[in-house]
Amino acid sequence: MTAESALPAEPTQLALDAHLFDCVQVNLAAAAERWHGPGTGLRLGARLRFDPRVGPAGLPTVESGPATQLALAEATLGITARPGAAVRVEELTPGEGCFVLADAYHLPWVPYHRQQHIEHSFLLVAADATTLTVEDHYHNETPWGSARPGTWRLTRTQAATLPECALAVELAPDTLPPRPAPAVDPVTGAQEYAHAYAAHPDRAAALRRLTLETWLLARSRALHAAWLGRYRTVGPRATEQVAAWRALAEQTYLASRRVARGRPEPSGLTDRLADLLRTDPDAFTAPAAPTAPAAASPESGAAADRLAVAATAARVLDTTPHTLLAGTRFNDVPGFSSFRLAELIDRLEDDLGVEFDSDDLTPENFQDVDAVCRIARWTAPLGAQDDPARREA
């Protein structure tokens with residue numbers, strides 16, 4: 001069930017860069033921007049940290065607990081938080097500062113509903129005799145649909161099915177602290193962090209967790225770059241670093257899906273993770289000269305292969321083969337996400353007899369039709385009867 005099919009949504013009126021925040025940060029940032037103006041929430045990214053702790057299954061995690069998130073919000077966003085006891089949602093006093101954490105598995109407006117247990121935040125903004133109104137600014141793509149900022153009205157019957165709050169606090173406006181300057185903490189332990197995931201014996205579990213880790217790391221780097229842009233022009237190195245983190249998060253998700261289907265794990269994933277962590281300080285502290293774009297390969301797939309790839313991609317991405325054959329990149333098609341990309345890879349392999357080497361499963365190799373054709377191994381090449389030597393495995 002997607003968020004859209006669960007409850008009708010009304011768009012929020014707050015202009016928040018919601019795609020930069022995780023599911024706890026985003027509603028803290030929303031409250032701060034309502035009280036102190038646009039851009040206030042970006043203060044959460046002023047200092048770039050790498051401070052992993054022991055997490056699930058003994059693996060290290062960069063995920064911050066709610067207490068840490070609230071402490072950072074109080075220190076930077078001009079808000080105070082008064083914790084309350086864990087109670088049921090319908091027992092809370094609503095208002096624009098009523099901040100709640102609960103299990104997303106039971107929240108009917110998010111795609112995680114009845115799909116995944118994960119702590120998720122929202123604001124309980126209003127209530128009357130028959131309904132409760134929740135506001136949630138979370139912005140993300142999930143395997144079960146898109147999460148977008150909105151306001152939802154729940155009947156009292158629906159509200160009664162919500163779980164007990166993991167945390168409920170009353171946020172209130174406070175004096176806005178001086179604007180924090182961008183800062184990047186030194187990175188220590190990058191190799192040990194990456195090695196923990198490389199050496200974990202349960203590869204499926206390790207990659208599932210690493211998918212969340214790289215997603216969190218990518219968002220925090222994008223958030224820091226956004227705050228950095230308030231002080232100076234963001235240099236090409238920082239821009240490239242943000243893009244590299246986003247690509248790693250996508251590659252990790254594809255690798256996780258790959259292993260879950262019993263396919264080989266791509267090599268070099270954790271090496272790339274450690275390298276990005278080590279290069280964060282340099283990338284985000286000084287502008288760098290732009291690098292020359294890599295030369296495009298003059299070789300493209302044969303016409304029959306291009307048509308087959310375009311037709312399958314068009315069905316998955318809900319567009320036309322002509323659009324993709326004209327050179328449109330997959331990530332320029334509305335609704336494209338790493339989840340659609342994973343579906344595309346599965347469909348190509350299953351329906352067209354294509355195989356991809358695990359080490360080729362990077363977002364860069366799935367930019368458009370020709371990029372796919374360059375790396376595809378056709379188990380029964382289309383048109384092979386006309387030119388059996390056309391393609392090498």
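For Phe339 and Tyr253, the ring centers are positioned less than 6.0 Å apart. Aromatic rings of Phe336 and Phe366 (six-membered ring for Trp) have centroids beyond the 6.0 Å cut-off, not under it. For Tyr138 and Phe21, the ring centers sit 6.0 Å or farther from each other.
Across Val259 and Glu265, no two heavy atoms sit closer than the pair CG2-CB, 3.8 Å. When all heavy atoms of Cys23 and Val26 are compared, the closest pair comes out as O-CG1, 3.9 Å. Closest approach of Ala274 to Ala194, counting heavy atoms only: CB-CB, 3.9 Å. Nearest approach of His200 to Ala57, heavy atoms of both residues: NE2-O, 3.7 Å. Leu248 and Leu273 make their closest contact through CD2-CA, 3.8 Å (heavy atoms, listed as atom of the first residue, atom of the second, distance). Across all their heavy atoms, Pro264 and Arg258 have their closest contact at O-CG, 3.4 Å.
Of the N and O atoms on the side chains of Thr80 and Asp174, not one donor lies less than 3.5 Å from an acceptor on the other residue. With 3.5 Å as the limit, one finds no donor-acceptor pair spanning the side chains of Gln115 and His113. No side-chain N or O of Trp152 forms a donor-acceptor pair with one of Glu10 less than 3.5 Å apart.
Looking at heavy atoms from C-beta onward, Ser121 lies in side-chain contact with Phe99 at the 4.5 angstrom threshold. Taking 4.5 Å as the limit, some side-chain heavy atom of Asp360 sits within range of a side-chain heavy atom of Asn365.
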>> Using the rule given for salt bridge (charged side-chain N to carboxylate O under 4.0 Å, His left out), can you reason through Asp275 versus Arg278, listing the C-alpha separation, both sets of side-chain angles and the distance that settles it, and then say yes or no?
In response: CA-CA 5 Å; Asp275 287 343; Arg278 284 191 292 261; 2.5 Å; yes
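We find the OG-CG distance between Ser337 and Leu317 to be 9.0 Å, quoted to the nearest 0.5 Å. In this structure, OG1 on Thr161 lies 7.5 Å from CG on Leu154, to the nearest 0.5 angstrom.
Within 6.0 Å of NE2 on His139 lie more than 12 heavy atoms contributed by other residues, nucleotides or ligands. Residue-environment remark: CZ (Arg329) stays at or below the threshold of 12 foreign heavy atoms within 6.0 Å. Residue-environment remark: CG (Asp51) stays at or below the threshold of 12 foreign heavy atoms within 6.0 Å.
A cation-pi contact links Arg179 to Tyr231, judged by a cut-off of 6.0 Å to the six-membered ring centre and 45° from its axis.
Checking side-chain atoms of Asp202 against main-chain N and O of Ala205 turns up a donor-acceptor pair under 3.5 Å. The backbone N or O of Arg153 sits nowhere less than 3.5 Å from a side-chain atom of Thr133 that would complete a donor-acceptor pair. A donor-acceptor pair under 3.5 Å is absent between the side-chain atoms of Thr312 and the main chain of Val309, judged by distance alone. In this structure, Asp136 contributes its side chain and Leu123 its backbone to no donor-acceptor pair below 3.5 Å. Side-chain atoms of Arg148 come within 3.5 Å of backbone atoms of Asn140 as a donor-acceptor pair (strictly under, hydrogens ignored). Proximity of a side-chain donor or acceptor of Asp103 to a complementary backbone N or O of His106 within less than 3.5 Å is not detected. Judged by distance alone, the side chain of Trp109 and the main-chain N or O of Gly150 form no donor-acceptor pair under 3.5 Å. Looking at Thr323, its side chain never comes within 3.5 Å of a backbone N or O of Thr319 through a donor-acceptor pair. Counting only distance, with no hydrogens or angles, the side chain of Arg47 and the backbone of Asp185 share no donor-acceptor pair below 3.5 Å. Between the side chain of Glu119 and the main chain of Ala102, no donor-acceptor pair closer than 3.5 Å is present.
Screening Leu48, Asp22, Leu42 against Leu223 for a side chain to side chain contact (heavy atoms under 4.5 Å, CB included) leaves a single residue, Leu42.
Taking the six-membered ring where the residue is Trp, Tyr105 and His117 present parallel rings, their angle staying beneath 30° rather than reaching 60°.
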